[in-house]
Every structure is written in structure tokens, then in C-alpha cells.
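Read the structure below first, then the notes.
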Amino acid sequence: MPRPIAVLGGTGPEGFGLALRWARAGETIIIGSRDARRAQDAAEKINATVGDKTRASGNENNAACAAADLLVLTVPFEGHAALLKQIKPVIRPGSILVDTTVPLAASVGGRATRTLGIWQGSAAQETAELAPKGVSVVGAFHSVSAELLNADGPVECDVIVCSDDPTASEAVRFLAAKIPGIRAIDGGKLENARILEQITALLIGLNIRHKGHSGIRITGLPAAAYQSQDGT
Ligand SMILES: NC(=O)c1ccc[n+]([C@@H]2O[C@H](COP(=O)([O-])OP(=O)(O)OC[C@H]3O[C@@H](n4cnc5c(N)ncnc54)[C@H](OP(=O)(O)O)[C@@H]3O)[C@@H](O)[C@H]2O)c1
């Protein structure tokens, strides 16, 4: 039985790009949106792009969330806490909740090259505080460019995955590695997401300065550190 992936905010470039890549890898996708019709349109676009074998559907965020236990949060920071409070009653016990959020100062009218100070330490830790008990929060994909996800070529970057639940971290690393070009690396505890979120603000600054789509590659680790196994 395929395990669906609900991508909340999957109508935007980051969520749509991840969903598209996973659909290409044979995963079952549910796009979530504040508007069911918008989610269905995005899902239809994925099905039309990938071809006959895809199983993408779309629904309002709560319905999408209730239909899956692997959730990927891809909304801007300004909508992050409110959406978590909204979906909290329908998140299934034992779910994995992947947070991609970069809390850019642009959310409150500041610069896109700076992050906001967050009381909990990071957006991912805020997610962990707002999620129901028993849900495993994983911080990942912060520095994966939406432009590259939505293009055809390999996404040449490493994804550092942080979580306090090693099994959930492994499952997300396995999922990340399904995207051509991506290597997924265990980044330790969720508190390290703070650093990943901040590095992404730096990458945005590099993109502006040099007009590109930068990512990060980690060198010098043993081969096993770059390999992912199906931990589900
Ligand atoms: N763009 C990138 O290259 C990139 C890279 C790494 C990480 N990220 C992170 O990924 C997340 C999504 O990025 P994005 O560029 O795709 O963002 P976005 O286009 O601004 O938003 C994504 C989707 O979130 C929904 N949304 C917007 N405002 C919302 C609100 N106030 N409350 C609830 N939902 C809202 C919208 O969907 P509906 O209107 O259909 O509900 C929108 O299509 C962000 O947290 C970003 O930091 C982005």
C-alpha cells in the first residue's frame, strides 16, 4: 500500500517542486492548499507533467493532512504557526511532519537575506512545540532551490536532515534521496535546524549577488554518511 505524502502549501514553488520530483519517483502525492480547487489544479498539473502512472490529488489543507501520515509543510513563515494550529486536530498520531520553513525577515517586511529570531530557536522547533505529542518533526530541504526542483535536471545539492526521532529522520533522508542529484545527510537533532535555516538566508544573499541558484555540498564524510535506507 503506497504511503501518500501530503504537501501542505504545495501550490507554491517549493512544495510543488518537491511534489513533482516525488511524483516522478513514483510516490503518491496529495497537494494541500487553503483552496481545494487550487490544490486540485496543481495536482492535475503534476499528473499531466509526469504522465499516466502518477497519483497526485489535491485538497484543502486539513483534508490533505487527514489523509496522510507523512506531511511536508511548505508555507511561508507568516502562515506557519496559524496553519499548524489549524491542522493540529487532524494530524494523525505517529505522523512524520517535515518542516522546510525558512523564517526570513521578509515575512515581516525585512530583508530576505536575514532570518528572524524565534523564541524556540528555529521555525522547525516552533513546529515541534505546536505539533501534537507523538508526531515526529523533521527539519529538511531548507536550502533546496525551488527553481532547480521545478526544472528538469538533477538538483545538485545535499539535504541535511535534522530530527529528534532517528527513524523519522531516516525515512525523510530516503525520500530526499529519491530526487536526482540530492544526497541526504543525517544532521543530528532538530535544534540544528536553526543553523540550516540561517544558512539558507546566506544562500539567498549569494543568489542575489551572483545571480544563481546556490546549494550546499558537504565533503569529507565516509561514503555511508551519504547513503539513505528505507527506514519506513
Ligand atoms: N522558494 C524556495 O526556493 C525555497 C527553498 C527552500 C525552502 N523554502 C521554504 O519553503 C516554504 C515555501 O516556499 P515558497 O517559495 O513555495 O512559498 P510561497 O510561494 O510564498 O507559499 C507557498 C504556498 O503557501 C500557501 N500560503 C501562502 N501564504 C500563506 C499563509 N499566510 N497561510 C497559509 N498558507 C499560505 C500558498 O498556497 P495556497 O494559497 O494555495 O494555500 C502558497 O502557494 C517557505 O517556508 C520557504 O522558506 C523555499
Side-chain angles (χ1 to χ4, degrees), residues 6-21 29-46 56-65 71-88 97-116 118 122-127 130 137-151 155-162 172 176 179 182 184 193-208 211-216:
V7 184
L8 309 177
T11 54
E14 183 70 7
F16 186 86
L18 288 169
L20 179 65
R21 294 293 184 150
I29 302 295
I30 307 170
I31 298 284
S33 164
R34 290 170 292 184
D35 179 90
R37 185 67 249 169
R38 203 155 49 235
Q40 285 152 14
D41 288 347
E44 278 166 25
K45 196 171 159 195
I46 289 175
S57 60
N59 216 327
E60 187 276 328
N61 281 322
N62 276 34
C65 181
L71 313 170
V72 185
L73 196 57
T74 60
V75 298
F77 183 68
E78 57 264 36
H80 179 255
L83 180 61
L84 282 163
K85 285 176 192 161
Q86 180 196 310
I87 62 173
K88 188 172 182 178
L97 177 52
V98 183
D99 196 321
T100 68
T101 314
V102 183
L104 297 175
S107 302
V108 292
R111 291 190 186 175
T113 51
R114 288 183 187 152
T115 53
L116 295 167
I118 309 234
S122 64
Q125 288 166 286
E126 183 181 84
T127 297
L130 293 171
V137 175
V138 178
F141 304 108
H142 303 88
S143 56
V144 182
S145 151
E147 280 81 0
L148 297 183
L149 285 170
N150 285 288
V155 181
E156 295 292 354
C157 72
D158 291 343
V159 170
I160 300 176
V161 179
C162 298
V172 174
I179 301 174
I182 284 184
R194 175 178 54 87
I195 303 163
L196 298 178
E197 292 171 12
Q198 290 179 6
I199 284 177
T200 306
L202 177 70
L203 295 179
I204 292 169
L206 292 176
N207 292 344
I208 295 168
K211 303 192 183 349
H213 306 297
S214 56
I216 51 172

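Atoms within each ligand, like the ligands themselves, are counted from 1 in listed order. In this text, all values refer to a predicted model and were calculated from it rather than measured experimentally.
A distance-only check finds no donor-acceptor pair linking the side chain of T101 to the backbone of F77 [under 3.5 Å]. No side-chain donor-acceptor contact under 3.5 Å links S33 to the backbone of G9. Within the 3.5 Å criterion, the main-chain N or O of G139 finds no donor-acceptor partner in the side chain of D99. Judged by distance alone, the side chain of S122 and the main-chain N or O of I118 form no donor-acceptor pair under 3.5 Å.
In this structure, the protein non-hydrogen atom closest to atom 23 (C) of ligand 1 is G9 O, 3.4 Å. Nearest non-hydrogen protein atom to atom 37 (O) of ligand 1 is T11 OG1, 2.9 Å. If you check which protein heavy atom lies closest to atom 31 (N) of ligand 1, you get G79 CA, 3.5 Å. Looking from atom 3 (O) of ligand 1 to the surrounding protein, the closest heavy atom is A146 N, 3.0 Å.
Considering backbone and side-chain atoms alike, T200 places every N or O at 3.5 Å or more from each N or O of ligand 1. Checked by distance only, ligand 1 and E147 stay at 3.5 Å or farther apart across all their nitrogen or oxygen atoms. Below 3.5 Å of separation, one finds no N or O of G15 facing any N or O of ligand 1. Here's the thing with F141: none of its N/O atoms is less than 3.5 angstrom from an N/O atom of ligand 1. At least one N or O atom of P13, backbone or side chain, sits closer than 3.5 Å to an N or O atom of ligand 1.
The closest side-chain heavy-atom distance from F16 to V7 is not below 4.5 Å. No side-chain heavy atom of I179 sits under 4.5 Å from any side-chain heavy atom of V144.
Other residues, nucleotides and ligands place no more than 12 heavy atoms under 6.0 Å from the CZ atom of R114. The environment of R111 atom CZ is sparse: at most 12 non-hydrogen atoms of other residues, nucleotides or ligands sit within 6.0 angstrom.
Of the listed options E197, H213, H142, H142 places a heavy atom closest to atom 6 (C) of ligand 1. When A106, P76, S145 are ranked by how near their heavy atoms come to atom 21 (O) of ligand 1, first place goes to P76. The residue from V75, V102, T74 that puts a heavy atom closest to atom 44 (C) of ligand 1 is V75. Scanning E14, R34, E78 for the heavy atom closest to atom 30 (C) of ligand 1 points to R34.
None of L8, T11, N59 except one satisfies the side chain to side chain contact (heavy atoms under 4.5 Å, CB included) rule with I31; the exception is T11.
Summarising the geometry of L148 relative to R21, their closest heavy-atom pair is O-NH2, 2.9 Å, with the distance given to 0.1 Å.
Atoms of ligand 1 lying under 4.0 Å from any heavy atom of S33, numbered from 1 in the order shown and given with element: 38 (P), 40 (O), 41 (O). Of all the atoms in ligand 1, the ones that sit under 4.0 Å from a non-hydrogen atom of V144 are 5 (C), 6 (C).
The shell of residues lying under 4.0 angstrom from ligand 1, judged by heavy atoms, includes T100.
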